[in-house]
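Please read the structure below before turning to the comments.
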Amino acid sequence: MSVVAVIGGQWGDEGKGRVVDLLAQQSHMVIRYSGGNNAGHTVINDRGTFKLHLVPAGIFNSETVNIIGTGVVVDPAALLEEMETLAAAGVTFDNLFISDRAHVIMPYHLEQDRIQESQRGDGRIGTTGRGVGPAYSDKMERIGIRMGDLLHEETLLPRVRRALDVKNKLLELYGGQPQSLEPTYAKLREYGQALKARIATTHPLVQQAIGRGDRILLEGAQASLLDVDWGTYPYVTSSAPGAAGACQGAGIGPRQVSSVLGVFKAYSTRVGGGPFPTELLDETGTELRERGHEYGTTTGRPRRCGWFDAVAARYVVELNGIDHLAITKLDVLDTLPTLQICTGYQLGDQTINYMPSSDVELSQVKPIYEELPGWQTSTDDARSFDELPPNAQRYLLRLEELTGAPATLISVGPARDASIERVPTYSFFA
Ligand code: IMP
């Protein structure tokens with residue numbers, strides 16, 4: 001078995017794109033398994049800097065098969081636009097397949113996302129506004145349109161009519177714009193025509209690859225603390241971005257996964273609303289934001305920044321059976337005189353070492369910190385663990401102890417080679 005799942009360990013934006021790009025070089029197949037174009041994976045390679053929202057990161061290698069899996073929700077307009085941008089950089093798509101079971105983000109989902117957010121007032125989730133939540137709700141409601149439907153005129157029309165009957169009533173209730181059947185249907189047919197060579201039944205492709213022992217990378221989007229079941233509900237996304245979701249979204253059994261790689265920033269960030277116990281609203285928070293260029297890839301929003309939360313990280317390691325940590329952006333901490341790691345929470349007069357399920361309680365906890373000395377020297381050029389300053393090594397070793405997983409991959413800069421591999425990355429597939 002040679003299947004590696006790469007998952008986000010915090011609230012997203014951990015630098016999964018970079019890690020996935022590194023591993024995609026060695027993969028025969030890359031599968032995006034959940035989320036939609038709410039994701040933004042930055043990949044920097046010899047062709048330039050790319051922001052991928054839906055297209056898997058293996059697309060730059062024409063030998064790698066790339067699959068937008070069943071668990072993804074696809075906005076066809078956004079996908080076509082992304083493909084156009086990539087095509088301008090010389091990328092071709094003969095190696096891209098979209099699961100015919102993946103659900104479509106419809107124009108009314110965007111409208112619904114916008115209206116629902118505005119009605120949430122102070123309780124706004126801070127969604128990316130891409131219609132992701134409403135598309136997943138309709139999938140569960142069983143009125144979703146799937147990518148495969150775009151290819152079948154005879155079933156598409158009644159399905160869109162049925163969906164619009166329901167959605168238009170809702171939109172009217174919310175004070176939104178009802179949408180007409182004919183133009184909606186015509187647009188979907190247009191998307192179907194444009195993508196027909198790419199929409200496929202992906203299950204046989206994946207199982208044949210497993211049968212051959214191909215190296216398969218499951219590319220996560222969003223992150224475990226945004227998981228609809230295990231995240232900071234209701235301030236979460238609408239999918240299961242973790243290792244179990246990877247199996248479900250890609251159509252791979254849990255026993256076929258060889259290792260799970262959890263990507264964590266060396267500190268924490270979050271975009272949108274919701275509790276964030278280690279958030280820093282002071283100068284250090286600003287310094288992390290500026291040094292780490294912490295602005296959303298998809299929305300451009302400034303990210304909230306804070307210290308590494310080892311309570312949350314250990315929870316995520318346990319939930320996902322994480323075998324290896326990839327710690328990104330260690331270099332962002334280079335200037336700080338001291339560092340804090342959250343090792344517990346104070347909730348009223350109680351000390352707890354787990355994440356409470358209640359968002360109210362989680363927003364009330366006071367982090368208990370352990371202070372470590374900073375290293376105040378550049379780590380940019382380190383290419384092995386031994387080349388890191390002793391205090392940086394100490395910081396990483398402490399993260400390992402607290403989370404219970406080895407920090408196997410460490411990044412110290414945005415370029416592909418600015419990383420420390422403590423074991424060869426191909427061994428993840430073994
Ligand atoms: P949605 O996924 O657009 O519904 O947004 C729900 C929550 O997840 C919001 O707090 C978003 O900011 C957050 N979110 C969704 N996708 C990402 C991502 O790729 N990175 C970071 N946060 C995300």
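Keep in mind that what you see is a predicted model, and the values were worked out from it rather than measured. As the structure lists them, so they are numbered: ligands from 1, and atoms in each ligand from 1.
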Exercise. Atoms of ligand 1 less than 4.0 Å from Ala39 heavy atoms?
Worked result: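 So the answer, numbered in order with elements, is 19 (O).
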For this session: Could you tell me whether the side chain of Arg304 and the main chain of Gly272 form a donor-acceptor pair under 3.5 Å?
Result: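 Side chain of Arg304 to backbone of Gly272, a donor-acceptor pair under 3.5 Å: yes, one is there.
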Exercise. For ligand 1, which part of Ile125 has a heavy atom less than 4.0 Å away: the side chain, the backbone, both, or neither?
Worked result: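 Both parts.
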Problem set entry | Trp11 and ligand 1 - part of the residue with a heavy-atom distance under 4.0 Å |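 Just the backbone.
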Exercise. What do you reckon, does Arg301 have a nitrogen or oxygen under 3.5 Å from a nitrogen or oxygen of ligand 1?
Worked result: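 So ligand 1 has an N or O lying under 3.5 Å from an N or O of Arg301.
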Problem set entry | ligand 1 to Val271 polar contact by distance, N or O atoms, under 3.5 Å |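 Yes.
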Problem set entry | His103 ring center near Tyr136 ring center (under 6.0 Å) |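 Between His103 and Tyr136, the centre distance exceeds or equals 6.0 Å.
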Counting heavy atoms only, which of [options] is nearest [atom]?
atom                    : options               : value
atom 23 (C) of ligand 1 : Leu226, Asn38, Thr237 : Leu226
atom 3 (O) of ligand 1  : Thr128, Val132, Val73 : Thr128
atom 11 (C) of ligand 1 : Gly126, Ala221, Gly12 : Gly126

Problem set entry | Polar side chain donor-acceptor pair, Asn168 to Glu172, under 3.5 angstrom |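 The criterion, which ignores hydrogens and geometry beyond distance, is not satisfied for Glu172 and Asn168.
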For this session: Please report which non-hydrogen protein atom sits nearest to atom 21 (C) of ligand 1, along with the residue it belongs to and the distance in Å to one decimal place.
Result: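 Of the protein heavy atoms, Asp13 OD2, 3.1 Å lies nearest.
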